[in-house]
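Data block below; observations after.
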Amino acid sequence: MNIIEITDFKAKELDIYARLTEAQLLNHHLQKEGLFIAESPKVIMRALEDGYEPVSFLAEKSNMTGETLEVIEKCGDIPVYTAEFDVLTNLTGYMLTRGMLCAMKRKPLIDLQELLDKCERVVVLEDVMNPTNLGAIFRSAAALGMEAVLLTPGCSNPLYRRSSRVSMGTVFQVPWTHLEDDWQIKLKDAGFKTAAMALTDESVPIDHPDLIKEKKLAIVLGTEGDGLKPTTIANCDYTVKIPMSNGVDSLNVAAAGAVAFWQLSKK
């Protein structure tokens, strides 16, 4: 193992953990596809299992056991920068979850048509900006039968540290890619029916029998607060609502997604 004690806080190798934003990592000039930070041994291991290449680790010295040690040993001579808890907290500005971070190379995005050809149940996220909600949606998608997640340009990035951590690493298990403005046309051309999750006068209940019968279905979820754009709803094949009680009119987007995935996944 290539263990390196941190003595120089200004070392360039630590920039990716201490001084670069996640947006800067996404466009890091040293890597064509950019970098990202994975946090916690479980999340890092899932990324490694999906073929992501590690650049370096940042690990709490007293936590170099168990899962952390297993991850490090799996990666051969990749640099492992280490220090005590207080030093790492001061360096990064936050407490490391399970005492470990890993800088990793991004991979090229999956081709949209390639994904659509393989799937029957997909999720479309329109401008979901909260990384916690994004991560929770991925976790539910993985657990409840969704085969891919498709993101409009206004969405947060699934590989941002918080998103991948909240997802428990499922952002590395569920295939995903970005969409362009004509995404509804491309989904239709690929044989998908689209179901917009929205409260309108035309909304049908989520247990409507026609929905389950659809061979290929895309569940479309909108941004926190405003929901889906009116044009998006108008161009979907279905508008779908979750019946609720006690005067509650809506759910958090991640909660609504979990309900929709459970009900509308292929049985």
Side-chain angles (χ1 to χ4, degrees), residues 42-43 45-47 49-51 109-126 128 130-152 155-159 163-179 183-184 186-198 203-224 227-228 232-233 236-244 250-267:
K42 184 181 293 294
V43 172
M45 185 64 81
R46 283 186 167 165
E49 290 170 349
D50 195 47
L109 285 173
I110 302 172
D111 178 72
L112 175 61
Q113 194 59 52
E114 178 185 335
L115 267 185
L116 296 180
D117 289 344
K118 295 177 180 177
C119 298
E120 294 185 347
R121 289 293 186 269
V122 301
V123 183
V124 174
L125 301 183
E126 182 179 75
V128 176
N130 184 299
T132 298
N133 282 336
L134 193 72
I137 290 168
F138 265 88
R139 189 172 182 180
S140 295
L144 301 173
M146 297 296 106
E147 297 167 288
V149 177
L150 313 176
L151 305 104
T152 66
C155 287
S156 180
N157 194 283
L159 298 189
S163 293
S164 63
R165 177 166 58 81
V166 171
S167 81
M168 293 298 290
T170 54
V171 294
F172 308 115
Q173 296 178 311
V174 180
W176 60 272
T177 196
H178 292 301
L179 296 167
W183 61 267
Q184 288 182 287
K186 289 187 175 180
L187 282 170
K188 182 177 180 179
D189 290 345
F192 278 85
K193 297 292 187 178
T194 47
M197 300 299 298
S203 296
V204 299
I206 197 169
D207 58 355
H208 194 286
D210 288 350
L211 289 166
I212 288 293
K213 292 177 183 177
E214 294 292 355
K215 178 175 175 55
K216 304 183 81 171
L217 186 66
I219 300 168
V220 187
L221 297 165
T223 185
E224 303 86 350
L228 292 168
T232 299
I233 296 172
C236 282
D237 299 291
Y238 297 93
T239 307
V240 182
K241 64 182 178 181
I242 300 170
M244 283 176 273
S250 64
L251 295 173
N252 166 275
V253 64
V259 174
F261 305 159
W262 167 253
Q263 177 63 36
L264 300 176
S265 62
K266 295 291 284 185
K267 302 299 183 182

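Side-chain atoms are counted along with the backbone in the values below, which use heavy atoms only and exclude waters and symmetry mates.
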Review point. Taking all atoms of both residues into account, what is the closest heavy-atom pair of Pro131 and Ser156, and its distance?
Key: CB-OG, 3.9 Å
Exercise for review: Applying salt bridge (charged side-chain N to carboxylate O under 4.0 Å, His left out), name anything that partners Glu120, two or more places apart in sequence or on another chain.
Suggested key: Lys215
Practice item. Taking all non-hydrogen atoms of both residues into account, name the closest pair between Ile110 and Pro175 and its distance. Key: CD1-CB, 3.9 Å
Review point. To the nearest 0.5 Å, how far apart are CG in Leu115 and CG in Leu150?
Key: 6.5 Å
Check your understanding: Nearest 0.5 Å, what's the CG-CD1 distance between Leu251 and Ile242?
Key -> 5.0 Å
Practice item. Kindly determine whether Asp210 and Val204 satisfy side chain to side chain contact (heavy atoms under 4.5 Å, CB included), including the steps that lead there. Key: CA-CA 10 Å; Asp210 288 350; Val204 299; over 6 Å; no
**Study point:** Test salt bridge (charged side-chain N to carboxylate O under 4.0 Å, His left out) applied to Asp207 - qualifying residues, sequence neighbours left out
**Key:** none
**Study point:** 4.5 Å side-chain heavy-atom contact, Phe261 and Ile137
**Key:** yes
Practice item. For the pair Ser163 and Leu134, evaluate side chain to side chain contact (heavy atoms under 4.5 Å, CB included) and give the outcome as yes or no after the intermediate values. Key: CA-CA 6 Å; Ser163 293; Leu134 193 72; 3.9 Å; yes
Check your understanding: Are Leu264 and Ile212 close enough, and set up right, to give a side chain to side chain contact (heavy atoms under 4.5 Å, CB included), and what steps lead you there?
Key -> CA-CA 6 Å; Leu264 300 176; Ile212 288 293; 4.3 Å; yes
Revision key, fill the gap. Smallest heavy-atom separation, Leu211 atom then Pro205 atom, equals CD1-O, 3.8 Å
Point to revise | Results of side chain to side chain contact (heavy atoms under 4.5 Å, CB included) for Asp50 - residues two or more places apart only | key: Tyr52, Lys107, Phe172
Exercise for review: Please examine the side chains of Phe192 and Val124, heavy atoms only from C-beta on, and report whether any two atoms are closer than 4.5 Å.
Suggested key: no
Exercise for review: Quick one: closest heavy-atom pair of Lys216 and Cys119, and the distance?
Suggested key: CE-O, 3.0 Å
Point to revise | All side chain to side chain donor-acceptor pair (under 3.5 Å) counterparts of Thr239, not counting sequence neighbours | key: none
Point to revise | Partners passing side chain to side chain donor-acceptor pair (under 3.5 Å) against Thr232 (at least two apart in sequence or in another chain) | key: Glu126
**Study point:** Pairs touching residues 130-141 that satisfy side-chain hydrogen bond (donor to acceptor under 3.5 Å, both in side chains), sequence neighbours left out
**Key:** Asn133-Glu224, Asn133-Asn252
Check your understanding: Sub-3.5 Å donor-acceptor pair from the side chain of Glu147 to the main-chain atoms of Arg121, do we have one?
Key -> yes
Study note, to complete from the structure: Tightest non-hydrogen contact, residues Lys241 and Ala198, listed as CB-O, 4.1 Å
Exercise for review: Take Gln173 and Thr170 through the test side chain to side chain contact (heavy atoms under 4.5 Å, CB included) and record every step on the way to the result.
Suggested key: CA-CA 5 Å; Gln173 296 178 311; Thr170 54; 3.2 Å; yes
Exercise for review: Output all residues satisfying side chain to side chain donor-acceptor pair (under 3.5 Å) with Thr223, sequence neighbours left out; order by chain, then residue number.
Suggested key: none
Review point. Which value, rounded to the nearest 0.5 Å, describes the distance between Lys213 atom NZ and His208 atom NE2?
Key: 9.0 Å
Study note, to complete from the structure: Nearest heavy-atom contact between Val240 and Ala195 is CG2-CB, 3.9 Å
Point to revise | Partner set under ring-ring contact (aromatic ring centres under 6.0 Å, His included) for His178, not counting sequence neighbours | key: Trp176
**Study point:** Between CD1 on residue Ile206 and CH2 on residue Trp262, distance to nearest 0.5 Å
**Key:** 12.5 Å
Practice item. Can you measure from NZ (Lys42) to OG (Ser164) and round to the nearest 0.5 angstrom? Key: 14.0 Å
Exercise for review: Output all residues satisfying side chain to side chain contact (heavy atoms under 4.5 Å, CB included) with Lys193, sequence neighbours left out; order by chain, then residue number.
Suggested key: Glu214, Leu217, Asp237, Tyr238
Practice item. Please identify each residue that fulfils salt bridge (charged side-chain N to carboxylate O under 4.0 Å, His left out) with Glu114, with sequence neighbours left out. Key: Lys118
Point to revise | Side chains of Pro158 and Val149 in contact at under 4.5 Å (non-hydrogen atoms) | key: no
Review point. In chain order, what residues pass the side chain to side chain contact (heavy atoms under 4.5 Å, CB included) check against Gln113, with sequence neighbours excluded?
Key: Asp111, Leu116, Asp117, Ala190
Check your understanding: Can you tell me how far the CG atom of Leu221 sits from the SG atom of Cys155, to the nearest 0.5 Å?
Key -> 10.0 Å
